[in-house]
Amino acid sequence: MALTMNPALNQQMAQLEQEYMQRRNELMQSFYNQQNNNNWNQQNTQAQQTTPAQNVNWIQVSGIDGAKNQIVQQGCTAWMMDNNNPYFYVKSVDKIGSPEFHAFFFQEVSESEINQRTMPKEQPQIDLSQYVQRGEFEQLKSLIEQLTNAQEKHPIKANKEVVNNVESVNGNDGKQTGAGRTSGARGK
């Protein structure tokens, strides 16, 4: 490794070289394990299961039970095609061994349906004539505030004349007479 005058660059170069050596050792160990354990098929299957979706190798299964029983390595995903029905299944297992299973239904769609689903949907038109304009709202708000302020300054007081009139009409301070109560009770 060539040293430069920049210590930060030297440190970064040393780190990159260490990562390179570690990766090289992992690859060599992996190759050695494959050759010694004659485990090429299992490793190849695992590599196929972790490839991106455009390189999916479909596993043929018989029904959902066959898909659920499919063994999937930790950190991998298996794509399975049902031999008998228009379904496909995706089973994945995370790094700690927890499986996740999804079933999907194949259905043919026309090009126009595809275009309708992929095109952005138009927003519904809102009828603005049903709404109050901001200026009108502000006028109404200020009018309400004026009325509220005026009412707070001059609270409404009970009109004694009205109370006195009620008393004089009934004849005894606004209460019903005994005869009025009994007649109401008999009416029921």
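Hydrogens, waters and symmetry mates are skipped; everything else that's a heavy atom, side chains included, is used. This chain uses plain numbering: 1 for the first residue, then up along the sequence.
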Discussion item. Other members of the hydrophobic cluster containing F137, with the 4.5 Å side-chain heavy-atom rule, please.
Written reply: V132
Worksheet item: In Å and rounded to the nearest 0.5 Å, what is the CG to CE distance from N69 to M80?
Response: 10.0 Å
Item to complete: Report the C-alpha distance between Y89 and I64 in whole Å, list the side-chain angles of each, state the deciding distance to 0.1 Å, and finish with yes or no for side chain to side chain contact (heavy atoms under 4.5 Å, CB included).
Response: CA-CA 8 Å; Y89 312 99; I64 192 166; 3.9 Å; yes
Fill in: Sequence-distant partners of N84, side-chain hydrogen bond (donor to acceptor under 3.5 Å, both in side chains), two or more places apart
none
Item to complete: Return yes when atom CD of E19 has more than 12 non-hydrogen atoms of other residues, nucleotides or ligands closer than 6.0 Å, and no otherwise.
Response: yes
Item to complete: Drop me the distance from C76's SG to K91's NZ, to the nearest 0.5 angstrom.
Response: 12.5 Å
What pairs of donor and acceptor atoms, side-chain ones from residues 96-106 against any protein atom, are under 3.5 angstrom apart with sequence neighbours left out?
residue	atom	partner	partner atom	Å
E100	OE2	H102	NE2	2.7

Item to complete: Tell me, please, which residues at least two apart from Q133 pass side chain to side chain contact (heavy atoms under 4.5 Å, CB included).
Response: E136
If you look only at distance, which donor and acceptor atoms sit under 3.5 Å apart when one is on a side chain in residues 139-147 and the other is two or more places apart or in another chain?
residue	atom	partner	partner atom	Å
S142	OG	E138	O	3.4
S142	OG	Q139	O	2.9

Worksheet entry | For N83, side chain to side chain contact (heavy atoms under 4.5 Å, CB included) partners two or more places apart | Q60, S62
Discussion item. Using side chain to side chain contact (heavy atoms under 4.5 Å, CB included), reason through T148 and Q151 one step at a time and then give a plain yes or no.
Written reply: CA-CA 5 Å; T148 304; Q151 195 174 28; 5.6 Å; no
Worksheet entry | Euclidean distance, N149 CG relative to E152 CD, rounded to 0.5 Å | 5.5 Å
Worksheet item: At their closest point, which heavy atom of V93 faces which heavy atom of Q73, and how far apart are they?
Response: CB-O, 3.7 Å
Worksheet item: Once you round to the nearest 0.5 Å, how far does CD1 of I71 lie from CD1 of I59?
Response: 10.5 Å
Worksheet item: Knowing that exactly one of Q70, M81, K68 qualifies, which makes a side chain to side chain contact (heavy atoms under 4.5 Å, CB included) with V61?
Response: Q70
Discussion item. I want to know whether F88 and W58 have ring centres closer than 6.0 Å.
Written reply: yes
